[in-house]
Amino acid sequence: MTTNKPLHTFHIPVMGLAYTIDSPIRVAKYGIASVISIADDELIEKMRVFYSKKFGVPYQEITQKMQDYRAERITSYLNLVDKIVKEKFESFKVELAESKLALNNYIAMLPNKSEIKKGLENLMEDGIAFKDNIKQYLENNLSIGAIDVNIMTKLDKDNFIKDEQLPVEFNDAHAALRGFANSNLSSSVVLSAGMNPRLFAYFENFPDFFPDVNNHLKKRIILKVSDFRSAMIQGNFLAKKGLWVSEYRIESGLNCGGHAFATEGILLGPILEEFKQKKEQLVQSAHEIMVKALAQKELYTPATPLDLKITIQGGVGTSEEHDFLLAHYQVDSVGWGTPFLLVPEATSVDAETRKLLMNAKEEDLYLSHISPLGVPFNTLRGTTNEMFKQKRIDENKAGSSCPKRFLALSKEFGAEGICTSSKKFQEVKLAELDAIKETLTEENFEKMKFNITEKACLCVGLANASYLENNIKIKGQEQGVIVCPGPNMAYFDKEVSLAEMVQHIYGNGNVMTDSNRPNLFIKELKMYIDYLKNEIKGTTIDLTAGQIKKWNIFKNNMLEGINFYQNLFSNSNYFQKSIDKMQRQLEEYKESILFIQIPELIVL
């Protein structure tokens, strides 16, 4: 009987569409949890072909002609991943029992305070009956890393057959959820990008999300949130349907990879403090609401609240930061995403993109507006996608052929939706711009043109790395690769093994060569200051009282955050080597914020 307690104090979050598409196959046998994006069923089907062939599993194609092909593809791939991971885990336990070298290497990857690590070390010292004892110990104590999945709630496009709109359950996110719910996995779905009430309600259709008589959930819900208020609202919304949120995954608003959902200047430290202080309120509120809902459904009602985890991710880069978050904020796990892009054993990245990531400096990593979602997007300069996109613009062929349409969410030209990165959309918008060209300055014209053409085809660009790494043929228009690391990438500059990265996380090694890397809290603060300055500078609309009020709140929240950090670091045993530098930086940033001029509303 294996334990359900995670072996590690970190997890690998979802990255792009492809970067963690097969991470569980690579790392789950070590007890490391990771998250698969289930947004792109085409990529998923290609990966099923690849791994079926690699592991000698019979494959039957699921074509787009099948009625529920999207959900069926996702279910089949997840079942395949589950099968492969379980087989690899059983083989790994045999290897550990038979090879002391393999066992020593594995012990070196476990957290220093791990009871299992201590247990294994004690058995290594016990030469008598070692093999029998170790087999039993491994069987009783080792567990597979979670094979979790991610659904971006906003990616829930309506689907059509010709001009006929399909029922809502065939929307993209609904079908993805069904694909996960029908799989053999006992794991979690990570919901990101905010509330989607229709999608949340759809969970009620699947019994695996409700507790059994042993208070066990076969499938669990993880909400990625940016603050406590959002967690409470979404958690209680789900509780009213008898659904329990098993984990709130707090992510830095800006210091993260991929899409960045900025707060109103509320910094990560104060957010974590609120979760720490109010966790019990979150638990009790949801439990009371859920029990009532389950009773109305005449389902089993737990007498006591189910387990609730609080985890954190976004910009963590040192073992000291990792340990501080675990100890001070009592979080259950810390997400390490971006650094794992340099670990070939853990993530799916092509050689050219990995080299670009290794060479990336602070100025190469930026918050862009390339996402058709209209949400700021962390990315990297110099990608092959950037090159192909610019080539099309220079040849007056701006825009993507839009083969996948996952982001065809704009209803501007009809109910079926259109993507703002598509050639069809950009041609119309550029024609409209040309019609008013004579009324604009050259500078304004170029700026407006850039705002139209900078949108990139994320659907293809975020999937291509896997195709390139695995020599899978890429069809259609050349899009190259888009990669979405967080700013933390600037401080990691070499390819490393899985063992080296895990030892770095636990403070038993160091893979970072840049000694000037700022503390994660300081880095996020600087990003929020720059974000506010750019918001004020970049506004082209007539100012409203509401906008000015928002900016003032933003500014005050940052100042309150600085006061919080000054007090926190003064009374902490952590960061002692850099505490003076951090306090100086906080003072400098406070002055910088005070100098930010919020425009005043001019009333005529």
Side-chain angles (χ1 to χ4, degrees), residues 14-26 28 34-87 147-152 155-157 159-161 166 169-185 187 189-190 347-350 400-408 419 457-479 481-482:
V14 69
M15 286 186 277
L17 296 173
Y19 299 110
T20 54
I21 191 71
D22 58 355
S23 289
I25 292 174
R26 300 170 187 240
S34 57
V35 187
I36 296 171
S37 168
I38 53 172
D40 185 346
D41 61 274
E42 184 181 307
L43 169 64
I44 280 168
E45 184 68 4
K46 294 270 179 70
M47 294 306 290
R48 190 166 72 90
V49 175
F50 176 81
Y51 276 109
S52 294
K53 188 176 179 183
K54 185 172 181 176
F55 287 94
V57 178
Y59 167 79
Q60 188 169 351
E61 185 182 6
I62 299 169
T63 72
Q64 290 188 350
K65 292 177 182 176
M66 296 179 183
Q67 186 190 14
D68 200 18
Y69 71 89
R70 181 170 166 77
E72 294 284 348
R73 285 175 167 182
I74 291 165
T75 301
S76 297
Y77 179 63
L78 295 178
N79 286 346
L80 177 65
V81 172
D82 187 48
K83 174 182 165 63
I84 293 169
V85 165
K86 283 174 178 171
E87 288 173 359
I147 306 168
D148 293 330
V149 304
N150 172 251
I151 296 175
M152 269 191 85
L155 302 191
D156 199 24
K157 173 177 58 64
N159 285 309
F160 292 74
I161 292 180
L166 294 172
E169 58 264 29
F170 290 97
N171 282 19
D172 284 355
H174 283 66
L177 175 58
R178 184 165 60 256
F180 170 64
N182 291 336
S183 74
N184 299 331
L185 290 177
S187 62
V189 56
V190 183
T347 53
S348 184
V349 185
D350 62 287
S400 159
S401 58
C402 199
K404 297 186 181 182
R405 302 192 76 252
F406 298 131
L407 291 172
C419 179
C457 179
L458 299 190
C459 300
V460 176
L462 287 174
N464 277 347
S466 242
Y467 294 149
L468 290 167
E469 187 200 29
N470 297 308
N471 294 314
I472 298 169
K473 189 176 179 182
I474 301 172
K475 295 178 182 177
Q477 185 184 49
E478 281 190 305
Q479 292 289 350
V481 172
I482 294 172

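When a residue number appears, it is its place in the shown sequence, counting from 1. Only this structure's heavy atoms are used, side chains among them; waters, hydrogens and symmetry mates stay out. Keep in mind that what you see is a predicted model, and the values were worked out from it rather than measured.
I38 contributes atom CD1, which lies 11.5 Å from atom OH of Y77 (distance to the nearest 0.5 angstrom). Expressed to the nearest 0.5 Å, how far CG of N182 lies from CG of L177 amounts to 9.0 Å. Between L17 atom CG and F406 atom CZ the span is 8.0 Å, to the nearest 0.5 Å. Separation of atoms CG (L185) and CG (N79) is listed at 6.5 Å; rounding is to 0.5 Å. Note that the CE atom of M47 and the OG atom of S52 stand 10.5 Å from one another [nearest 0.5 Å].
Here the side chain of T20 pairs a donor or acceptor atom with the backbone of M15 at under 3.5 angstrom. For Q479 (side chain) and V460 (main-chain N/O), no donor-acceptor pair under 3.5 Å exists by modelled atom type. N171 places no side-chain N or O within donor-acceptor distance of the main-chain N or O of A173, the cut-off being under 3.5 Å. Counting only distance, with no hydrogens or angles, the side chain of R48 and the backbone of S76 share no donor-acceptor pair below 3.5 Å.
In this structure, the side chains of L155 and L407 come closer than 4.5 Å at one or more pairs of heavy atoms. Using a 4.5 Å heavy-atom cutoff, the side chains of F50 and N471 are not in contact. Contact of the V14 side chain with the Y19 side chain is not registered, since no non-hydrogen atoms from C-beta on lie closer than 4.5 Å. Taking 4.5 Å as the limit, every side-chain heavy atom of R178 sits out of range of all side-chain heavy atoms of T75. Using a 4.5 Å heavy-atom cutoff, the side chains of M66 and E72 are not in contact. A heavy-atom distance below 4.5 Å is found between the side chains of R73 and Q64. Between Y51 and V57 there is no side-chain heavy-atom pair separated by less than 4.5 Å. Looking at L43 and S466, their side chains come closer than 4.5 Å, going by heavy atoms from C-beta outward.
For D148, there are no salt bridge (Lys or Arg N to Asp or Glu O under 4.0 Å) partners, not counting sequence neighbours. Applying the side-chain contact (heavy atoms from CB on, under 4.5 Å) test to Q60 and every residue at least two apart in sequence or in another chain returns nothing. Scanning for salt bridge (Lys or Arg N to Asp or Glu O under 4.0 Å) contacts around E87 gives K83, with sequence neighbours left out. Under the side-chain contact (heavy atoms from CB on, under 4.5 Å) criterion, I474 pairs with N464, Y467, L468, sequence neighbours left out. In terms of the side-chain contact (heavy atoms from CB on, under 4.5 Å) criterion, residue partners of S34 (sequence neighbours excluded) are, by chain and number, I12, S23, P24, V27. Residues that satisfy the side-chain contact (heavy atoms from CB on, under 4.5 Å) test with E61, not counting sequence neighbours, are E45, Y59, T63. The side-chain hydrogen bond (donor to acceptor under 3.5 Å, both in side chains) check on E469 picks up R26, S348, with sequence neighbours excluded. The side-chain hydrogen bond (donor to acceptor under 3.5 Å, both in side chains) search around K86 returns D82, not counting sequence neighbours. Qualifying side-chain hydrogen bond (donor to acceptor under 3.5 Å, both in side chains) partners for N159, counting only residues two or more places apart in sequence or in other chains: K157, D172. Listed by chain and number, the residues in a side-chain hydrogen bond (donor to acceptor under 3.5 Å, both in side chains) with D156 are H174, N196 (sequence neighbours excluded).
Taking both residues in full, the closest heavy atoms of C459 and D40 are given as O-OD2, 3.9 Å, listed atom of the first, atom of the second, then distance. Of all heavy-atom pairs between L78 and G179, the closest is CD1-O, 4.4 Å. The heavy-atom pair separating I21 from S37 by the smallest distance is CD1-O, 3.6 Å.
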Quiz prompt | Step-by-step side-chain contact (heavy atoms from CB on, under 4.5 Å) determination, L166 to I161 | solution = CA-CA 7 Å; L166 294 172; I161 292 180; 3.8 Å; yes

Exercise. Apply the test side-chain contact (heavy atoms from CB on, under 4.5 Å) to residues R70 and F170: give CA-CA distance (whole Å), side-chain angles for both, the deciding distance (0.1 Å), then the verdict.
Key: CA-CA 9 Å; R70 181 170 166 77; F170 290 97; over 6 Å; no

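E169 CD: more than 12 foreign heavy atoms inside a 6.0 Å radius.
Each of I44, I36, V149 was checked for a side chain to side chain contact (heavy atoms under 4.5 Å, CB included) with I74, and the lone residue meeting it is I44.
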